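The structure displayed is predicted, hence computed values, not measured ones.
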Amino acid sequence: MFNRKINKISSFSFRYTTGNYMDAWEEYRLTENGVAYSAYVKKDGIPDEQAFKAAVDGEFADKLTALLNKYNVAGWDGFQKYNKLVLDGNSFTLSVKTSDGRDIYANGYMRWPKHYREARDELTELFHGLTNEA
């Protein structure tokens with residue numbers, strides 16, 4: 001049977017929209033660079049050019065991995081659902097690459113996988129914590 005547990009992340013990207021105004025999205029990324037990681041945090045309402053970028057350690061990557069496993073985000077792989085009856089709604093896109101070569105990809109527009117909201121809120125708290133403005 002397919003192992004849905006994520007063991008080690010080599011790259012992570014999560015973006016979700018928050019409205020229909022300028023710069024209305026949040027985006028979080030984590031990329032492995034050998035033994036270290038780099039993080040990217042773009043908050044709602046700020047331009048992409050002003051996003052927070054920093055080096056982070058393996059402890060942060062471990063917290064992210066635990067969060068993804070808590071909500072079985074690997075089980076979201078292949079989720080692609082859209083509500084065509086909603087205009088000016090919100091969307092999300094998730095991409096995770098693991099060190100063992102697995103790719104997890106999901107996206108949706110006004111449709112969400114199981115535990116989406118809880119996972120999104122905890123991801124926001126985790127990544128905002130890097131900017132000391134959780």
[X] and [Y]: same hydrophobic cluster, using ILVMFWY side-chain contacts below 4.5 Å?
X     : Y      : result
Tyr28 : Trp25  : no
Tyr40 : Leu126 : no
Tyr82 : Trp76  : yes
Phe79 : Val96  : yes

We want to know whether Tyr109 and Thr17 form a side-chain donor-acceptor pair, criterion being a heavy-atom distance below 3.5 angstrom.
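Short answer, no.
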
Report the distance from atom [atom1] of [X] to atom [atom2] of [Y], rounding to the nearest 0.5 Å.
X     : Y     : atom1 : atom2 : result
Asn72 : Asp77 : CG    : CG    : 11.0 Å
Phe12 : Thr98 : CZ    : OG1   : 13.5 Å
Gln80 : Thr93 : CD    : OG1   : 9.5 Å

Exercise answer: donor-acceptor pairs, residues 29-36 side-chain atoms, under 3.5 Å, sequence neighbours excluded:
from: Arg29; atom 1: NE; to: Glu27; atom 2: OE2; distance (Å): 3.0
from: Arg29; atom 1: NH2; to: Glu27; atom 2: OE2; distance (Å): 3.1
from: Glu32; atom 1: OE2; to: Lys8; atom 2: NZ; distance (Å): 2.9
from: Asn33; atom 1: ND2; to: Ser38; atom 2: OG; distance (Å): 3.4

Residue pair Asn90 / Gly19: nearest heavy atoms and the distance that separates them
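Between these two residues, the closest heavy atoms are OD1-N, 3.3 Å.
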
What heavy-atom pair brings Ser95 and Tyr105 nearest, and what distance separates the two atoms?
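For Ser95 and Tyr105, the tightest heavy-atom pair comes out as CB-CD1, 4.2 Å.
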
Working note: Leu68 + Ile104, criterion side-chain contact (heavy atoms from CB on, under 4.5 Å); need CA distance, chi angles, decisive distance, verdict.
CA-CA 11 Å; Leu68 297 177; Ile104 300 161; over 6 Å; no

Quick one: side chain to side chain contact (heavy atoms under 4.5 Å, CB included) partners of Asn83, sequence neighbours excluded?
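Per chain and number, Asn83 pairs via side chain to side chain contact (heavy atoms under 4.5 Å, CB included) with Leu85, Val86, Met110, Arg111.
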
I'd like to check the ring pair (Phe, Tyr, Trp, His ring centres under 6.0 Å) partners of Tyr16; sequence neighbours left out, ordered by chain and number.
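Partners of Tyr16 under the ring pair (Phe, Tyr, Trp, His ring centres under 6.0 Å) test: Phe14.
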
Do Trp112 and Arg120 pass the side-chain contact (heavy atoms from CB on, under 4.5 Å) test, and can you show the C-alpha distance, the side-chain angles, and the key distance before you say yes or no?
CA-CA 11 Å; Trp112 324 108; Arg120 182 203 65 199; over 6 Å; no

Under the criterion side-chain contact (heavy atoms from CB on, under 4.5 Å), I'd like the reasoning laid out for Lys43 against Glu26: C-alpha separation, chi angles, the key distance, then a yes or no.
CA-CA 5 Å; Lys43 292 184 178 182; Glu26 293 262 340; 4.1 Å; yes

Only distances under 3.5 Å count here; give the side-chain donor-acceptor pairs of residues 50-67 to other protein atoms, sequence neighbours excluded, each with its distance to 0.1 Å.
from: Asp57; atom 1: OD1; to: Glu59; atom 2: N; distance (Å): 3.2
from: Asp57; atom 1: OD1; to: Phe60; atom 2: N; distance (Å): 3.1
from: Thr65; atom 1: OG1; to: Ala61; atom 2: O; distance (Å): 2.9

Pairs touching residues 81-101 that satisfy salt bridge (charged side-chain N to carboxylate O under 4.0 Å, His left out), sequence neighbours left out
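For residues 81-101: Lys97-Asp103.
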
State whether the side chain of Lys42 and the backbone N or O of Asp23 hold a donor-acceptor pair below 3.5 Å, judged by distance alone.
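Yes.
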
Mind checking what makes side chain to side chain donor-acceptor pair (under 3.5 Å) contact with Ser10, not counting sequence neighbours?
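None.
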
